[in-house]
Amino acid sequence: TNVKVGNTATFVSDGGAKTANNLVQGLVKSWVNFQGNSTAAIRDSFNNSSILDNGSGDYRFTFTNAMNNVNYSTTCGQAALGSDYRYIAMLKGSSSALSNYTAASFEVLVNQVQNGYSADDLVYIGLKVSGDLA
């Protein structure tokens, strides 16, 4: 029996239709779970070489293997244990450009929503990056 291994697989939808998908494009290319309060520290990660704490709620993430370009997508989840506050995490940049968003690294700001969007360090922050590696 010959088995062909490649990047494409065929999937069957709930309705029975078959579709071919590129598995490599659909995979997460980098992720990190880190502690943002006290001394920022990576708990676990994939394709993330370092984190730099730039100040309250401001972090720079550097990829071990760079992305192909800046057209990748980031997703962030965050939690403040023992608090009823609401937080938002966003890419750091200006209204006209994401100047801190490169193929090699990106920056994230974490702000407390109820307190005039003041920057804050959190116990748990998780990030995922999808896109093409260089």
Working to the nearest 0.5 Å, report the span between CD of E107 and OG1 of T102.
->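 It is 9.0 Å, given to the nearest 0.5 Å.
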Hey, could you give me the OG1/CG distance between T75 and L127, rounded to the nearest 0.5 Å?
->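 It comes to 9.0 Å.
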Using side-chain heavy atoms (C-beta onward) and a distance below 4.5 Å, is [X] in contact with [Y]?
X: I125; Y: Y59; answer: yes
X: I51; Y: V32; answer: no
X: L133; Y: M67; answer: yes
X: N33; Y: Y124; answer: yes
X: F106; Y: V129; answer: yes
X: T74; Y: Y101; answer: yes

Report the residues that fulfil salt bridge (Lys or Arg N to Asp or Glu O under 4.0 Å) with D121, sequence neighbours left out, ordered by chain and then residue number.
->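 D121 satisfies salt bridge (Lys or Arg N to Asp or Glu O under 4.0 Å) with no residue once adjacent residues are dropped.
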Which atom pair, heavy atoms only, marks the closest approach of K29 to G131?
->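 Shortest heavy-atom separation between K29 and G131 comes out as NZ-O, 2.9 Å.
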Distance-minimising heavy-atom pair for N48 and S45 = O-OG, 3.6 Å
Is it possible for you to say whether I42 and F63 belong to one hydrophobic cluster, with membership spreading through side-chain heavy-atom contacts below 4.5 Å?
-> yes
Linking I/L/V/M/F/W/Y whenever any side-chain heavy atoms sit under 4.5 Å apart, do L109 and L52 land together?
-> no
With sequence neighbours excluded, what pairs up with A41 under the side chain to side chain contact (heavy atoms under 4.5 Å, CB included) test?
-> none
Applying side chain to side chain contact (heavy atoms under 4.5 Å, CB included) to S50 and not counting sequence neighbours gives T62
Taking S130 for the side chain and V28 for the main chain, is one N or O donor matched with an acceptor at less than 3.5 Å?
->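 Such a contact is absent between S130 side chain and V28 backbone.
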